[in-house]
Amino acid sequence: MTNQELYAYHRWANRRLFDVAAALGEDACGRAIGAHFSFPTLRRMLSHIYGADALWLSRWKGAALPAVPGAAIATMADLRAQWDVLEGEQRTFVEALGPAELGRDVHYKTTEGVAFHTPLGVLVQHVAVHAAHHRSEIATMLTMVSGSPPDTGLVTWYRITSGQAPT
């Protein structure tokens, strides 16, 4: 699987769960579901995926953000608008990557100021894998609120995008 395909899947899976959550309305998305989740509300969990994507894209480009963006996003509509812009920037970046670029070390500091360096290829894959963890939490939250959401598995995405299964 290429990074371009991985990110096509990443965008699809994020949007699939976002759409289910948004259909529940602002009140449901802003209601605390449980402190045992990484973030207690659907909106905050989704905004964390958005924020992590934004933070890493910034680092890949050599910039630094002082914190993970997204925590203050107040509505699902605002989140969708900001995420749409970010997805476009992220897609442009990922689709332009060549093999040599994936091997370059990215030097960055965590939001706590700890310095690291990691090959870009590892970081590109990390972002999609990180989101999968939080998508599983979102699926659990959605199940608790309204019933099990649609499948966001990789094979499901492939079947749908290859025309073998309906959307």
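From a predicted model like this one, the values you see are computed outputs, not experimental measurements.
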In the single-linkage hydrophobic clustering (I, L, V, M, F, W, Y; side-chain heavy atoms under 4.5 Å), do [X] and [Y] co-cluster?
| X | Y | answer |
| --- | --- | --- |
| Val94 | Val129 | no |
| Val127 | Leu65 | no |
| Tyr7 | Val155 | no |
| Phe116 | Leu102 | yes |
| Phe39 | Met144 | yes |

Distance in Å, [X] [atom1] paired with [Y] [atom2], rounded so as to fall on 0.5 Å steps:
| X | Y | atom1 | atom2 | answer |
| --- | --- | --- | --- | --- |
| Gln125 | Leu120 | CD | CG | 10.5 Å |
| Asp53 | Leu86 | CG | CG | 6.0 Å |
| His48 | His133 | NE2 | NE2 | 8.0 Å |
| Leu6 | Arg11 | CG | CZ | 9.5 Å |

Taking all heavy atoms of [X] and all of [Y], pick out the closest pair and write down the distance.
| X | Y | answer |
| --- | --- | --- |
| Thr111 | Val68 | CG2-N, 4.0 Å |
| Met45 | Ile138 | CG-CG1, 3.3 Å |
| Leu79 | Phe18 | CD2-CE1, 3.8 Å |
| Thr41 | Met141 | C-CE, 3.5 Å |
| Pro149 | Leu142 | CB-CD1, 3.9 Å |
| Pro166 | Ile160 | O-CG1, 3.4 Å |

Output yes when a side-chain donor or acceptor of Thr92 lies under 3.5 Å from a complementary backbone atom of Gly88, and no otherwise. yes
Ignoring hydrogens and geometry, is there a side-chain-to-backbone donor-acceptor pair from Gln90 to Ala54 under 3.5 Å?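 Such a contact is absent between Gln90 side chain and Ala54 backbone.
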Exceeds 12 heavy-atom contacts within 6.0 angstrom, atom NE2 of His117: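 It does not: His117 NE2 has 12 such atoms or fewer within range.
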Examine the side chains of His10 and His130 and answer whether a donor and an acceptor come within less than 3.5 Å of each other. no
Using distance alone, with no hydrogens and no angle criterion, decide if Ser47 and Arg44 have a side-chain donor and acceptor under 3.5 Å apart.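 Yes.
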Sequence neighbours excluded, the answer for salt bridge (charged side-chain N to carboxylate O under 4.0 Å, His left out) partners of Glu87 is Arg15, Arg80
Strictly by salt bridge (charged side-chain N to carboxylate O under 4.0 Å, His left out), give each pair with a member in [range] just once, sequence neighbours left out.
| range | answer |
| --- | --- |
| residues 16-33 | Glu26-Arg43 |
| residues 91-107 | Arg91-Glu95, Glu101-Arg104 |
| residues 133-156 | none |

With side chains defined as the heavy atoms from C-beta onward, is the minimum distance between [X] and [Y] less than 4.5 Å?
| X | Y | answer |
| --- | --- | --- |
| Leu123 | Arg59 | no |
| Pro69 | Gln82 | no |
| Trp83 | Ile49 | yes |

Using 30° and 60° as the class boundaries, would you call the ring planes of Tyr9 and Trp12 parallel, tilted or perpendicular? tilted
Show, in sequence, the C-alpha distance, side-chain angles and deciding distance for Met76 and Leu42, and conclude whether the side-chain contact (heavy atoms from CB on, under 4.5 Å) test is met. CA-CA 10 Å; Met76 293 295 281; Leu42 285 162; 6.0 Å; no
Residues in ring pair (Phe, Tyr, Trp, His ring centres under 6.0 Å) contact with Phe37, at least two apart in sequence or another chain: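 Scan of Phe37 (ring pair (Phe, Tyr, Trp, His ring centres under 6.0 Å), adjacent residues dropped) gives none.
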Not counting sequence neighbours, list each pair that qualifies as a ring pair (Phe, Tyr, Trp, His ring centres under 6.0 Å) and has a residue in residues 55-82. Trp56-Tyr108, Trp56-His126, Trp60-Phe93
